[in-house]
Amino acid sequence: MANQHKHKQRVIRGIPDDLVEAFDTAAREAGSDRSAVTRQLWEWYAGRPDAELPRRPADQG
């Protein structure tokens, strides 16, 4: 089917636009994107084996 996403979309409500923009900017600066960082955070929070918190741009270098 055309325009079908490979993965089911998850929606998180109630996040202010300015926070979304800051998060996207920080993710790009860390060489990542919103989906990858969010997935890492969920894996860490859920206590998955070998899960680590994603690096923030300030943590680089």
Contacts satisfying salt bridge (Lys or Arg N to Asp or Glu O under 4.0 Å) that involve residues 12-21 (not counting sequence neighbours) are none

Tested for side chain to side chain contact (heavy atoms under 4.5 Å, CB included) against Val20, the lone hit among Thr25, Ile15, Ile12 is Ile15

Distance col, row Ser32:OG vs Arg39:CZ, nearest 0.5 angstrom, shows 8.5 Å

Rounded to the nearest 0.5 Å, the CZ atom of Arg56 sits from the CD atom of Glu29 at a distance of 12.0 Å

Rounded to the nearest 0.5 angstrom, the CZ-CG distance for Phe23 and Asp33 is 9.0 Å

From the list Gln9, His7, Lys8, side-chain hydrogen bond (donor to acceptor under 3.5 Å, both in side chains) with His5 holds only for Gln9

With sequence neighbours left out, the residues meeting side chain to side chain donor-acceptor pair (under 3.5 Å) with Arg34 are Asp24

Those residues at least two apart in sequence (or on a different chain) that pass side chain to side chain contact (heavy atoms under 4.5 Å, CB included) with Ala22 are none

To the nearest 0.5 Å, atom CZ of Arg10 lies from atom OG of Ser35 at 12.0 Å

Of all heavy-atom pairs linking Pro57 and Ala26, the shortest is CG-O, 3.1 Å

Between Pro54 and Gln40, the two heavy atoms sitting closest are CB-OE1, 3.2 Å

| Is Val37 reachable from Trp42 through a run of hydrophobic residues whose side-chain heavy atoms are each under 4.5 Å from the next? | no

